[in-house]
Amino acid sequence: MKNNVIVKIDSIFIRLGNWLSIIFFCVVVISFFEVVMRYVFDSPTTWVHETTTFIISLSLLYGGVACYADNKHIRMEFIKQIFSNKIQWYMELLVEIFMLIFILMLTYGAFCSARDAFISPFGTFKMQTSGTVLDTPFPALNKGFFLLTCVAMLILCMLHITRHILTKNEMAVRCEDDEQSLLKQGGNNA
């Protein structure tokens, strides 16, 4: 039951990531617009580069959350495969715990960065701006979104650890199956 809830939460993050991938198409359209304006009409825009950089950074930040939710992040399976199922289960738990520690530290850093981007040294609300001709608040918004993605990763990490602990009984069954197959192989070799 609890495992189904965790899977549903993961699927929400994955579906949201699939919808947000449309943003990359929008960036291509905006960039194409910039090329036409610059080289056909000799009238370059002042907003395209800053806007596309901001949009891509948001997309990449959320992409990390979607990859982790879908369990599609980079990992080195060949190392894990040389061990028994029982040791593999504990190795996966250790990796998830290290991930939790890393995300906790990253969330703290993102909080400090977002706080500084939204609160002036005098303690008043003032969003950090880009300092370009547009002077957009994209840096502050980017840091705030980074904090939100870190919190989402923190929640996902705790859910993944919970799901992993709930699979301990499945791991015990796999270990028994491994032991029985080894005993059968030993009997066949004699």
Are Val95 and Leu159 in one and the same hydrophobic cluster, where Ile, Leu, Val, Met, Phe, Trp and Tyr link if side-chain heavy atoms are under 4.5 Å apart?
no

Please answer: with hydrophobic residues joined when any side-chain heavy atoms are less than 4.5 Å apart, are Ile22 and Leu58 in the same cluster?
no

Note: Gln128 and Pro139 closest approach over all heavy atoms is OE1-CB, 3.9 Å

Check whether Val29 and Phe33 end up in the same hydrophobic cluster, where Ile, Leu, Val, Met, Phe, Trp and Tyr are linked by side-chain heavy atoms less than 4.5 Å apart.
no

Which pairs pass salt bridge (Lys or Arg N to Asp or Glu O under 4.0 Å) with one or both residues in residues 59-71, sequence neighbours excluded?
Asp70-Lys72

In Å, rounded to the nearest 0.5 Å, how long is the span from CD of Glu50 to CG of Leu134?
5.0 Å

Nearest-0.5 Å distance, CZ of residue Phe24 to CG of residue Leu60
5.0 Å

Qualifying side-chain hydrogen bond (donor to acceptor under 3.5 Å, both in side chains) pairs with a residue from residues 55-67, counting only residues at least two apart or across chains:
Ser57-Asn142

Quick one: are Thr53 and His49 in side-chain contact, heavy atoms under 4.5 Å?
yes

Result for side chain to side chain contact (heavy atoms under 4.5 Å, CB included) between Cys150 and one of Leu106, Val65, Leu61, Ile155 points to Leu106

Is any side-chain heavy atom of Leu100 closer than 4.5 Å to one of His160?
no

Residues passing the ring-ring contact (aromatic ring centres under 6.0 Å, His included) test with Phe145, sequence neighbours excluded, are none

With Glu92 via side chain to side chain donor-acceptor pair (under 3.5 Å) - residues at least two apart
Lys80

Once side-chain contact (heavy atoms from CB on, under 4.5 Å) is applied, do any residues pair with Thr51, and if so which ones, sequence neighbours excluded?
Trp47, Ile55, Phe138

Taking ring pair (Phe, Tyr, Trp, His ring centres under 6.0 Å) as the cut-off, I'd like each qualifying pair that reaches into residues 103-131, sequence neighbours left out, listed once.
none

Check the surroundings of atom CG in Asp135: do more than 12 heavy atoms from other residues, nucleotides or ligands lie under 6.0 Å from it?
yes

Check the hydrophobic clustering (I, L, V, M, F, W, Y; side-chain heavy atoms under 4.5 Å; chains of links allowed) and say if Ile30 and Val133 are grouped together.
yes

Taking all non-hydrogen atoms of both residues into account, name the closest pair between Lys143 and Ser113 and its distance.
CD-OG, 3.3 Å

Close side-chain approach of Leu94 to Phe98, heavy-atom, < 4.5 Å
yes

Which heavy atom in Phe83 sits nearest to a heavy atom in Gln88, and how many Å separate them?
O-NE2, 2.9 Å

Going from CG on Leu93 to OH on Tyr90, what distance comes out if it is rounded to the nearest 0.5 angstrom?
8.5 Å

Are there more than 12 heavy atoms of other residues, nucleotides or ligands under 6.0 Å from atom CZ of Phe102?
no

Taking the side chain as every heavy atom from C-beta outward, state whether Leu166 and Arg163 have any atom pair closer than 4.5 Å.
no

Under the side-chain contact (heavy atoms from CB on, under 4.5 Å) criterion, do Thr107 and Leu147 qualify, and how do the steps go?
CA-CA 6 Å; Thr107 303; Leu147 176 61; 4.2 Å; yes

Side chain proximity check, Ile101 to Met105, heavy atoms < 4.5 angstrom:
yes

same_hphob_cluster(Val28, Phe54) at 4.5 Å side-chain heavy-atom cutoff:
no

Rounded to the nearest 0.5 Å, how far apart are CD1 of Ile119 and CE of Met127?
10.5 Å

